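First up is the structure itself, then whatever we jot down about it.
Just so it is clear, the structure is predicted and the values come from calculations on it, not from any experiment. First the proteins, then the strands, lettered A, B, ... as listed; each starts at 1. These numbers come from the heavy atoms of this one structure, side chains and all, not from hydrogens, waters or symmetry mates.
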2 protein chains.
Amino acid sequence: MTTARARNYAGLSADERRLARRERLIEGAIRAYGELGYRNTTVKAVCEAAGLTERYFYESFANSEALLVAAFETVSRRVFTCLEDVRREHGGSAEERGHAVLRAYYQILKDDQDGARLFVIEIARVGPAVDAVWGALLLQFGEVLAKMVAPDSDIKPKPGELVRAGVVGGVVQIAKEWIRSGYARSVDAVAADALKICRVLAA
Amino acid sequence: MTTARARNYAGLSADERRLARRERLIEGAIRAYGELGYRNTTVKAVCEAAGLTERYFYESFANSEALLVAAFETVSRRVFTCLEDVRREHGGSAEERGHAVLRAYYQILKDDQDGARLFVIEIARVGPAVDAVWGALLLQFGEVLAKMVAPDSDIKPKPGELVRAGVVGGVVQIAKEWIRSGYARSVDAVAADALKICRVLAA
DNA sequence: TTATTCTGACAATAGCACGTGTCAGAAAAC
DNA sequence: GTTTTCTGACACGTGCTATTGTCAGAATAA
């Protein structure tokens, strides 16, 4: 009875296989949520999109919301990494930097439309736990927007929290409407509109 | 067999009784949604809050969403009537008028907290039919905000639809945060913050 | 009073999806 | 080749809620 468990399959250890399945579930979820919306996506549907069965769902996630959060955070990480890079490495004025960051934001939403729907729309109002994740992200986003338009010689007038929340709400609402319109206008035009609202943070 | 139906009860005709029950259901729904949230509110719970039974629920509404919409529109009518009155009858500058309308908006949300939760939070992302109602309201709200800050000698620069959507999103997001905070700041301060964002429409 | 209509409580049905369990066959180890 | 572990398909029980149906009793009209 030598506990010879953890046999290799396809050259991968048990842990590696489990993580690979987890990734497949997350990618499948992003696609399934994008197509059906989170509400209409059953555990079974996600598993089919991932090419796996329910068995493996519960191997990696306690329930549907846990997968939703994991998928959201995957997209979120991609977006913020990109936005922070643009913001940090941009050499121009605060005005130009703001426009560049916003352009990057809306460009990502256009390039990955399933991810965009999850990141902007599907995440909202699912339940208390998920709402907390969304709320935290809005704060983080507010930070980025505030830094983005802050003059370099920044004396930190520190706009109120509500103003910052409002600006974030505006930027996100623009994204929602733009997505709903089928990405009717150009990324540049959308970013310019959003920048008008973000300037409130620079005053 | 004289179809002597429609007997009066408590001095009310059958139709009057039915409408009265409908009203009770709507008021019960506003309270129940405020306490539990729409998602956690069963048909049974609404009926208990209204002091009626499921039988009468289906007498007036096809399903839960129909009642949600009816309750939302009840609150919505109250709010818009008030906002339009303030806007129309205000004599000062565009700036002052804007502040007055916003103050009225946030004051209502504070005075009727159950209604506020329904009007701002619970209505969102319930389903396609309800989302359409919410989307229509945001447009209407955008109209009010745009008129509110428009200079009297208005040459209508007509801000883009996305900008307007963004401003509405900002004002609503401020409401959400304020509600979440337990109405921490004064109505006046909140309205002042919201006005900062609304000024984008006046440019 | 007597007959009729209305009302409220509750039972019964049905549907949906979660979460778990089973099991035969595939893939690796020996 | 034999044994053991892993994998995928699927069935099952469970719980929750909407929605319909039933029925005894209250309120009203005659």
Side-chain angles (χ1 to χ4, degrees), chain A residues 1-25 28-29 32-33 35-71 122 126-127 129-130, chain B residues 1-25 28-29 32-33 36-71 126-127 129-130:
Chain A
M1 209 197 201
T2 60
T3 317
R5 273 169 191 160
R7 177 175 294 184
N8 278 14
Y9 262 66
L12 300 174
S13 75
D15 270 2
E16 287 169 332
R17 295 197 303 277
R18 194 169 45 70
L19 278 182
R21 284 191 293 260
R22 194 188 137 95
E23 290 304 313
R24 285 172 65 188
L25 282 166
Y33 297 161
E35 186 177 349
L36 305 169
Y38 173 72
R39 294 276 161 62
N40 306 314
T41 303
T42 65
V43 170
K44 192 183 182 70
V46 170
C47 293
E48 277 170 11
L52 294 170
T53 56
E54 296 99 307
R55 194 157 145 38
Y56 297 109
F57 180 92
Y58 294 103
E59 175 191 58
S60 286
F61 302 101
N63 51 49
S64 255
E65 288 196 10
L67 172 55
L68 173 65
V69 169
E122 295 298 327
V126 166
V130 180
Chain B
M1 211 197 200
T2 61
T3 316
R5 272 169 193 161
R7 178 176 293 185
N8 278 14
Y9 262 64
L12 300 173
S13 75
D15 270 3
E16 288 169 331
R17 294 196 304 275
R18 194 170 44 70
L19 279 182
R21 284 191 292 260
R22 195 187 136 94
E23 290 304 313
R24 284 172 65 187
L25 281 166
Y33 297 161
L36 305 169
Y38 174 73
R39 294 277 160 61
N40 307 314
T41 303
T42 65
V43 170
K44 193 183 181 68
V46 170
C47 294
E48 277 171 9
L52 294 170
T53 56
E54 296 100 308
R55 194 155 146 36
Y56 296 109
F57 179 93
Y58 294 101
E59 174 191 58
S60 286
F61 302 100
N63 51 48
S64 257
E65 288 196 9
L67 173 54
L68 174 64
V69 170
V126 166
V130 180

query = How far apart are the C-alpha atoms of B/Glu16 and B/Leu19, what are their side-chain angles, what is the distance that settles it, and do they pass the side chain to side chain contact (heavy atoms under 4.5 Å, CB included) test?
reply = CA-CA 5 Å; B/Glu16 288 169 331; B/Leu19 279 182; 5.8 Å; no

query = Given side chains that start at C-beta, do those of A/Arg22 and A/Phe61 come closer than 4.5 Å, heavy atoms only?
reply =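 Counting from C-beta outward, A/Arg22 and A/Phe61 do come under 4.5 Å.
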
ask   = Is there side-chain contact between B/Tyr33 and B/Leu67, with at least one heavy-atom pair below 4.5 Å?
value = yes

Between [N] atom [atom2] and [X] atom [atom1], what is the distance in whole Å?
{"X": "A/Tyr56", "N": "C/dG19", "atom1": "OH", "atom2": "P", "value": "19 Å"}
{"X": "B/Asn8", "N": "D/dA27", "atom1": "CG", "atom2": "C1'", "value": "12 Å"}
{"X": "A/Asn40", "N": "C/dC16", "atom1": "CG", "atom2": "P", "value": "13 Å"}
{"X": "A/Glu16", "N": "C/dA28", "atom1": "CD", "atom2": "P", "value": "14 Å"}
{"X": "B/Arg18", "N": "C/dT7", "atom1": "CZ", "atom2": "P", "value": "11 Å"}
{"X": "A/Glu54", "N": "D/dA9", "atom1": "CD", "atom2": "P", "value": "10 Å"}
{"X": "A/Arg39", "N": "C/dA17", "atom1": "CZ", "atom2": "P", "value": "14 Å"}

request  = State which of D/dA18, C/dC18, D/dT22 makes the closest approach to the side chain of B/Thr42.
outcome  = D/dA18

request  = Look at the side chain of B/Arg17 and decide which nucleotide, out of C/dT20, C/dC10, C/dT7, has an atom nearest to it.
outcome  =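 In terms of side-chain proximity for B/Arg17, the closest of C/dT20, C/dC10, C/dT7 is C/dT7.
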
ask   = For B/Arg21, which contact category applies under a 4.0 Å heavy-atom criterion: base, sugar-phosphate, or nothing?
value =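 Since only primed, P, OP1 and OP2 atoms lie under 4.0 Å of B/Arg21, the category is sugar-phosphate.
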
Shortest non-hydrogen contact between [X] and [Y], atoms and distance:
{"X": "A/Leu52", "Y": "A/Arg24", "result": "CD2-NH1, 3.8 Å"}
{"X": "A/Glu122", "Y": "A/Arg39", "result": "OE1-N, 4.3 Å"}
{"X": "B/Leu36", "Y": "B/Ala45", "result": "CD1-CB, 4.3 Å"}
{"X": "B/Leu25", "Y": "B/Tyr56", "result": "CD1-O, 3.6 Å"}
{"X": "A/Ala32", "Y": "A/Ala49", "result": "CB-CB, 4.3 Å"}
{"X": "B/Gly127", "Y": "B/Glu65", "result": "CA-OE2, 4.3 Å"}

task = Go through residues 44-53 of chain B and report each residue with a non-hydrogen atom lying under 4.0 Å from DNA chain C, sorted by number.
result = B/Leu52, B/Thr53

task = Kindly state which residues belonging to residues 57-70 of chain B come within less than 4.0 angstrom of DNA chain C, counting heavy atoms of the residue only, listed by number.
result = none

